[in-house]
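To keep things clear, I will list the structure first and then write my remarks on it.
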Amino acid sequence: MRSLFRNGNLAIVLIVVVALILPALLSSGYQLRMVSIIWVFALLAMGFNLLYGITGQISMAQQAFFAIGAYGFAMLQAKLGWSPFVALPVAVVIVACVAAVIGLPLLRLRTHYLAMATLAFSLMMVGLTNRWVDFTGGSAGIQIRTITVGDWSMSRAELYYTLVIVAAIGLVIHNFIISGHLGRAMQAVRDDETGAESLGVNVTAVKLRVFVLAAVYAAVGGIGYGLISRQVNPSFGEFPVIVSLLTIAVVGGLGTRFGPVIGAIVVVLAPQALARFGEFETLIYGLCLGVFLIFLPNGLSGVMERLGARMLRPSSAPGRRSVTKNIVEGGAR
Amino acid sequence: MDKFSVLLFSGLTNGSVYGLVGLSLSLIYGANRVINFAQGEFVMIGTMSAILFMATYNLPLPVALVLTLGVVLAMALALEFAVYLPLRKRDAPPLTIMIGTMAFAITTMGVALLIWGPNQLSVPNILPMEPMTVGPLITNWQQLAIISSFVAFLGLTWFILYRTSFGLAIRATGVDPKVALLMGIRSDRIVRFAFLFSATVSGLAGVLIGPLLGGQISIGLALTVKGFMAAILGGLGSPFAAAAGGLAIGVAEAMIAGYGNSLYAEPIIFLIILMVLFVRPYGLLGDFEAARR
């Protein structure tokens with residue numbers, strides 16, 4: 001349990017405190033919506049970070065799980081009349097099952113093949129949501145009612161606080177996994193699958209667990225996004241979502257603890273600033289992404305870590321180290 | 001029979017374009033293990049440049065073609081020098097470079113948006129589009145031009161790869177870049193050739209397919225995805241397998257749309273690709289790639 005309260009948890013407390021005070025400083029419902037979306041994307045990005053940043057398995061199906069989660073949540077309520085408190089966990093479980101079913105055969109694939117197979121899966125899903133109008137409501141989507149219990153119904157501010165708490169729990173789990181035994185196994189899989197296997201890591205089990213976990217993060221994010229938008233439609237699973245997700249991963253820093261949150265803040269707020277540039281928006285977006293990739297490969301959180309490390313210990317800056325390499329080098333010494 | 005031949009030719013036409021994008025992707029992948037997410041944008045720029053030079057400036061066809069080629073080649077060099085080389089120098093893994101090419105694709109779309117705007121423009125066709133009959137088959141000149149340029153590029157690629165010493169160097173790099181380097185092959189030149197040749201193939205495909213797809217700056221992404229699917233279905237390791245994959249996707253798409261359900265043609269195609277990957281993880285013809293692992 002001690003590792004739960006070790007390094008970095010002060011930062012989580014800080015993030016949560018700032019996040020909880022924030023609504024008091026905002027003036028409009030639009031701004032509240034924006035900051036709510038930050039936490040949705042942070043959740044989505046945490047799953048992706050575990051999967052790609054730490055385990056090295058790229059998935060382009062995250063936006064599909066995002067959409068399936070939201071659709072499941074909406075349809076269980078609209079079609080079966082379930083209460084949202086039942087629909088939410090069931091939708092998450094459905095996504096976990098779907099991820100396990102497609103993950104088991106797909107995770108045999110590596111790198112680009114995995115990326116393309118997962119992309120094929122998500123394009124198929126988007127195609128279905130767009131076309132199967134009777135079941136999914138087509139491009140208009142399905143309404144999601146605000147959560148209501150008796151006379152009380154959840155306001156936008158209450159939804160925001162809920163999202164902050166969910167995202168904070170998500171972040172604690174995310175960081176706990178990275179620093180724990182599973183995290184080491186994941187990094188070993190990323191650096192060298194054969195090496196990891198020879199050290200006793202069950203590569204398939206690790207990959208599948210992380211794949212399902214990432215899908216669950218995406219589903220929770222998707223349900224949050226559905227509640228904010230008060231509806232779900234096929235755009236939840238479309239390409240812009242995965243582009244935003246990749247941008248968050250790159251800008252925040254791949255394989256870092258706070259990258260997903262930092263990246264989500266930048267990626268949700270930057271288009272607001274860029275909107276002033278009108279037609280130049282897409283161009284600037286692309287250029288910024290490229291500049292980050294080339295000049296700040298560890299993202300903003302890499303910059304912060306380096307600054308922090310320089311203040312604490314002037315001599316050594318912590319970088320991402322290869323676990324298997326450490327072990328192999330240690331053995332050789 | 002009429003319906004069949006119309007479907008067959010429209011399938012072969014689209015399939016040729018998917019195949020050419022797949023071939024481009026596979027050539028670059030063979031040289032440096034990078035997937036170029038901007039490949040479809042080369043097709044888009046080919047189409048849009050054709051509009052610019054042929055319709056807006058009214059230049060004669062040969063001049064317009066040369067200028068279009070110049071634009072896509074300049075774009076390929078920009079991709080290499082602005083994205084690929086800096087990332088390679090910093091030892092970025094291939095998937096990070098793929099995200100870099102995605103950034104390049106977004107930038108290209110941003111530039112294209114400034115030049116051409118978001119609306120669909122009509123593309124001047126080089127060849128007549130009136131239907132004509134060849135024996136029992138119904139087609140038109142534009143379709144025949146696309147299909148024959150597909151065959152021509154396939155032949156040219158085969159000739160370069162298997163009948164020249166430069167092609168031998170390309171194949172050696174594909175098998176093992178390090179050993180190829182030790183044998184005195186300049187892998188950076190191979191990579192540059194792959195980028196330039198792929199840009200030429202995709203750009204010309206863009207000029208030809210433009211009248212059929214319509215000139216819109218958003219067509220690039222869909223073509224990139226279809227090109228990938230082609231390369232993955234056939235097998236990334238060989239340009240010819242990738243091209244065959246493209247043809248298969250194009251024809252299957254047209255047939256499912258014509259005889260089955262036109263609404264669900266696209267999801268069904270993706271489902272089939274997914275199923276193929278379950279059974280054959282390195283593509284239908286991907287034994288070469290599988291053996292190398």
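Below, read A as the first sequence line, B as the second, and so on, with proteins coming before strands; counting in each chain starts at 1. Everything quoted here is computed from the prediction, not taken from an experiment.
Among B:L233, B:L277, B:I232, B:I273, the single residue meeting the side-chain contact (heavy atoms from CB on, under 4.5 Å) criterion with A:M116 is B:I232.
Contact detail for A:Y52 and B:T96: the closest heavy-atom pair is OH-N, 3.7 Å. Counting all heavy atoms, side chain and backbone alike, B:L274 lies closest to A:A120 at CD1-CB, 4.3 Å. Closest approach of A:W132 and B:Y264 over heavy atoms only: CA-OH, 3.3 Å. Taking both residues in full, the closest heavy atoms of B:T107 and A:G286 are given as OG1-C, 3.3 Å, listed atom of the first, atom of the second, then distance. For the pair B:A103 and A:G290, the tightest heavy-atom approach, listed with the atom from each and the gap, is CB-N, 3.7 Å.
Contacts of B:I269 with chain A are absent, with no heavy-atom separation under 4.5 Å from either backbone or side chain. Heavy atoms of B:A82 lying under 4.5 Å from chain A belong exclusively to its backbone. When heavy atoms are compared at a cutoff of 4.5 Å, B:V276 does not approach chain A at all. With a 4.5 Å cut-off on non-hydrogen atoms, A:F292 does not touch chain B at all.
In this structure, the separation between CE on B:M109 and OH on A:Y285 is 12.0 Å, given to the nearest 0.5 Å. Considering CG of A:L119 and OG1 of B:T224, their distance stands at 10.5 Å, rounded to 0.5 Å. For the atom pair CD1 of A:I294 and OH of B:Y84, the computed distance is 13.0 Å after rounding to the nearest 0.5 Å. From A:L283, atom CG reaches atom CG of B:L113 across 9.0 Å, with rounding to the nearest 0.5 Å. Here B:L236 contributes atom CG and A:Y113 contributes atom OH; the two are 4.0 Å apart, rounded to the nearest 0.5 Å. To the nearest 0.5 Å, the span separating CE on B:M102 from CD1 on A:I242 amounts to 7.0 Å.
Among A:L123, A:I102, A:L246, A:L114, the residue with the largest count of heavy-atom pairs under 4.5 Å with chain B is A:L123.
Summarising the local packing, CZ of B:F240 is surrounded by more than 12 heavy atoms from other residues, nucleotides or ligands at distances under 6.0 Å.
A:L106 has its side chain within reach of B:F278: a pair of non-hydrogen atoms, C-beta onward, lies under 4.5 Å apart.
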